[in-house]
K.L.:
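Following this message is one structure expressed as structure tokens.
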Amino acid sequence: MLDLQFICDHSDEVKKNCEARGVTVDVDAVLQFREDRNKLITAGDELRRQAKETSSKIPNASAEERPALIELGKKLRDEVSEAEAKQKEVEVKLYEQQSLIPNMTHPDAPVGGEDDATELRVVGDKPNFDFEPLDHVDIAAKLDLIDFEAGSRVAGHGFYYLKNDAVMLELALIQFALMKVRSEGFTLYTTPDLARDSVLEGIGFNPRGEETQIYSVSGTDLSLVATAEITLGGAMKDQTVDITDLPIKVAGLSHCFRTEAGAHGRKTRGIYRVHQFTKVEMFGFTGPDVEQSNALHMQIVRIEEEIFQALGIPYRLIDTATGDLGGPAYRKFDLEAWMPGRGEYGEVTSASNCTDYQARRLGIRCRSAEKKGTQFVHTLNGTAISCARALIAVLENYQQADGSVVVPEVLRPWVGKDVISVS
RNA sequence: GGAGAGGUGGCAGAGUGGCCGAUUGCACCGGUCUUGAAAACCGGCGUGCCGCAAGGUACCGGGAGUUCAAAUCUCCCCCUCUCCGCCA
């Protein structure tokens with residue numbers, strides 16, 4: 001959520017930003033609701049003041065004065081409740097509109113839609129196969145690495161069983177990513193796979209809406225998390241930290257569950273788009289200025305690149321265009337790995353600087369000796385390794401003519417072999 | 001899941017209907033004293049919202065209620081601790 005004062009002081013900029021992001025919001029309505037609300041607050045405060053004054057007179061009032069004061073108190077109480085109801089009504093409308101306004105955008109982010117993203121760099125050499133490369137589904141079939149049938153039988157389309165060396169490969173990817181982020185100063189966590197709806201909402205997910213991406217548990221206020229971003233960010237909900245404790249860098253391993261509503265029929269072969277996968281996510285809290293959050297953003301992107309470089313997987317780095325940014329993101333970089341079976345790049349990581357947008361809704365503040373009051377921290381998130389897609393990249397880039405797959409060198413300690421071959 | 005005890009400002013911990021936005025201690029900041037420090041003493045010290053300001057208002061886990069008046073009484077929910085049950 002954007003700061004209300006900021007919206008009012010910079011309404012033209014906010015409008016322009018909404019336009020660039022392809023979001024339709026009535027910014028003027030927000031200004032109007034705010035004005036209405038402020039008047040109601042002032043009026044309500046005055047009524048409460050009178051009510052308090054009246055009540056405070058009663059204990060010392062004479063028996064004759066008392067009944068009149070009590071009557072006045074009752075009248076004021078009713079007026080206060082009426083005023084509060086009106087105020088609440090306006091605040092609901094205000095909040096609704098305000099929530100629709102996306103974060104402001106980094107000045108360097110390209111303006112436009114998906115195709116307008118800036119390709120910042122292309123790293124690594126695509127493998128030269130002297131044979132027709134297979135996609136990960138066929139590779140996995142030959143090597144008996146994934147059981148899609150069992151997945152469907154047990155949980156439906158979009159679920160899968162990893163099997164044999166794919167299990168070791170997945171765990172190796174996790175281990176490798178965890179070691180890497182720990183060496184970069186991130187505190188490691190495994191996090192809950194369920195979270196309260198209020199936490200999901202704070203991060204920017206809409207758990208029970210019509211087109212929700214989220215599975216929710218009926219009869220509870222819990223939902224399955226779509227990413228550990230939810231639990232890592234949510235862990236600090238309503239907390240105030242000392243500014244000298246920032247930045248806080250954490251990383252979490254969790255399962256991720258997504259309904260993928262409306263994604264049917266679009267490049268859904270294999271484990272590219274699935275309802276459940278495992279991911280190591282980085283999350284950061286920094287002091288409240290973009291210099292600090294941008295610096296951590298760059299570190300997160302650098303780590304992501306180094307992970308894929310170490311895995312020996314060619315990729316390109318994308319600076320996401322305004323129209324493709326989620327509401328909370330100020331800027332977002334995606335790593336897209338080369339996937340020979342698909343014959344194209346596929347998104348494998350995503351790193352966002354959300355500035356204070358998430359923190360405002362989650363109530364994560366910091367306190368400093370210099371400034372009175374508190375300020376909202378900046379939050380960032382980025383993928384260290386997302387197993388399903390990383391697995392695709394490994395299998396497809398490391399496939400051999402004989403159907404075997406060479407294990408990337410950095411993963412061998414955990415996989416326990418150099419090559420995965422037909423047994 | 002059952003029984004009991006709790007949740008108050010950065011921490012500790014009073015407060016059971018009006019004198020309480022809240023006693024006190026610690027921590028913290030400023031001052032006096034001191035060669036310096038400690039101790040002692042004096043003063044300050046929560047957050048949000050409205051307001052140009054003076055000031056007002058809200059907040060004692062969260063929500064609803066009773067009352068002229070709620071940290072305090074009632075109900076629901078969340079959380080923590082102890083014991084019991086169950087269990088990887």
Side-chain angles (χ1 to χ4, degrees), chain A residues 1-9 30-95 97-99 190-202 207-208 216-223 230-231 234-246 248 255 285 288 356 359-377:
Chain A
M1 191 143 62
L2 229 45
D3 179 53
L4 192 51
Q5 188 67 50
F6 178 88
I7 296 169
C8 294
D9 293 345
V30 171
L31 304 189
Q32 185 59 50
F33 286 143
R34 172 172 142 103
E35 207 182 311
D36 295 348
R37 182 197 66 147
N38 288 4
K39 280 181 187 154
L40 289 167
I41 286 174
T42 306
D45 279 357
E46 173 57 19
L47 283 172
R48 268 182 289 271
R49 193 195 60 74
Q50 289 176 26
K52 269 172 84 166
E53 194 182 49
T54 306
S55 298
S56 68
K57 282 183 191 161
I58 291 175
N60 299 316
S62 64
E64 300 87 69
E65 296 170 323
R66 204 166 277 220
L69 285 172
I70 290 178
E71 268 319 299
L72 179 59
K74 280 186 185 176
K75 182 175 151 260
L76 286 168
R77 179 187 60 195
D78 292 344
E79 283 174 20
V80 166
S81 354
E82 202 184 320
E84 279 174 351
K86 269 193 207 161
Q87 185 187 327
K88 205 169 179 180
E89 202 180 302
V90 173
E91 278 177 343
V92 167
K93 287 195 272 190
L94 172 62
Y95 187 84
Q97 283 300 311
Q98 193 186 345
S99 301
T190 58
T191 81
D193 285 341
L194 286 90
R196 287 184 208 288
D197 290 343
S198 60
V199 174
L200 291 258
E201 279 158 13
R208 316 245 171 183
S216 45
V217 182
S218 70
T220 74
D221 65 341
L222 293 170
S223 292
I230 292 164
T231 46
M236 293 292 285
K237 193 173 187 291
D238 295 322
Q239 302 301 298
T240 303
V241 299
D242 198 286
I243 200 159
T244 55
D245 293 333
L246 296 172
I248 295 171
H255 290 122
F285 306 88
D356 60 358
R360 182 166 293 105
R361 196 144 42 176
L362 283 167
I364 308 175
R365 303 156 187 274
C366 65
R367 179 182 24 243
S368 66
E370 298 86 53
K371 275 196 174 170
K372 232 179 117 67
T374 58
Q375 292 172 281
F376 292 106
V377 303

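Side chains included, hydrogens not; waters and symmetry mates left out as well; all remaining heavy atoms used. First the proteins, then the strands, lettered A, B, ... as listed; each starts at 1.
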K.L.:
Could you tell me whether the phosphate oxygens of rA64(B), OP1 or OP2, come under 4.0 Å of any side-chain nitrogen or oxygen in Lys88(A)?
P.N.:
yes
K.L.:
Kindly point out which of rC49(B), rG18(B), rG10(B) is positioned nearest to the side chain of Arg367(A)?
P.N.:
rG10(B)
K.L.:
Looking only at the side chain of Arg365(A) (C-beta and beyond, no hydrogens), which of the listed nucleotides rC50(B), rG18(B), rG48(B) gets closest?
P.N.:
rG48(B)
K.L.:
Which heavy atom in Ile7(A) sits nearest to a heavy atom in Val30(A), and how many Å separate them?
P.N.:
CG2-CG1, 4.2 Å
K.L.:
Less than 4.0 angstrom between a side-chain N/O of Lys52(A) and OP1 or OP2 of rA58(B), yes or no?
P.N.:
yes
K.L.:
Can you tell me how far C1' of rG18(B) sits from CZ of Arg66(A), to the nearest Å?
P.N.:
10 Å
K.L.:
OP1 or OP2 of rA69(B) versus the side-chain N and O atoms of Ser56(A): is any pair under 4.0 Å?
P.N.:
no
K.L.:
Are OP1 or OP2 of rC50(B) and a side-chain N or O of Arg48(A) less than 4.0 angstrom apart?
P.N.:
no
K.L.:
Output the rounded distance in Å from CG (Asp78(A)) to P (rU67(B)).
P.N.:
10 Å
K.L.:
For Ala83(A) and Leu47(A), work out which heavy atoms get closest and say how close.
P.N.:
CB-CD1, 4.1 Å
K.L.:
Under a 4.5 Å cut-off applied to non-hydrogen side-chain atoms, are Gln50(A) and Lys75(A) in contact?
P.N.:
no
K.L.:
Using purine N1 to pyrimidine N3 plus N6-O4 or O6-N4 for Watson-Crick, or N1-O2 and O6-N3 for G-U wobble, each under 3.5 Å, what pairs with rC73(B)?
P.N.:
rG65(B)
K.L.:
When Asp36(A) is tested against each of Val90(A), Leu31(A), Ile41(A) for side-chain contact (heavy atoms from CB on, under 4.5 Å), which residue passes?
P.N.:
Val90(A)
K.L.:
Roughly, in whole Å, what's the span from CD in Gln239(A) to C1' in rG61(B)?
P.N.:
12 Å
K.L.:
Between Asn38(A) and rG51(B), is there a contact of a side-chain N or O with OP1 or OP2 at under 4.0 Å?
P.N.:
yes
K.L.:
Starting at CD1 of Ile70(A) and ending at P of rA69(B), how long is that distance when rounded to a whole Å?
P.N.:
10 Å
K.L.:
Could you state the atom-to-atom distance from CG of Asp238(A) to P of rG48(B) in whole Å?
P.N.:
13 Å
K.L.:
In whole Å, what is the span from the CG atom of Asp221(A) to the P atom of rG63(B)?
P.N.:
15 Å
K.L.:
Do any side-chain nitrogens or oxygens of Arg49(A) fall under 4.0 Å of OP1 or OP2 in rU57(B)?
P.N.:
no
K.L.:
Can you tell me the distance, in whole Å, between the NZ atom of Lys237(A) and the C1' atom of rC79(B)?
P.N.:
13 Å
K.L.:
Mind checking Ile58(A) for me? I need base, sugar-phosphate or nothing, with any heavy atom below 4.0 Å counting as a touch.
P.N.:
base
K.L.:
Give a yes/no answer on whether the side chain of Arg196(A) brings an N or O atom under 4.0 Å of OP1 or OP2 in rC78(B).
P.N.:
no
K.L.:
Has Lys86(A) got more than 12 heavy atoms of other residues, nucleotides or ligands less than 6.0 Å from its NZ?
P.N.:
no
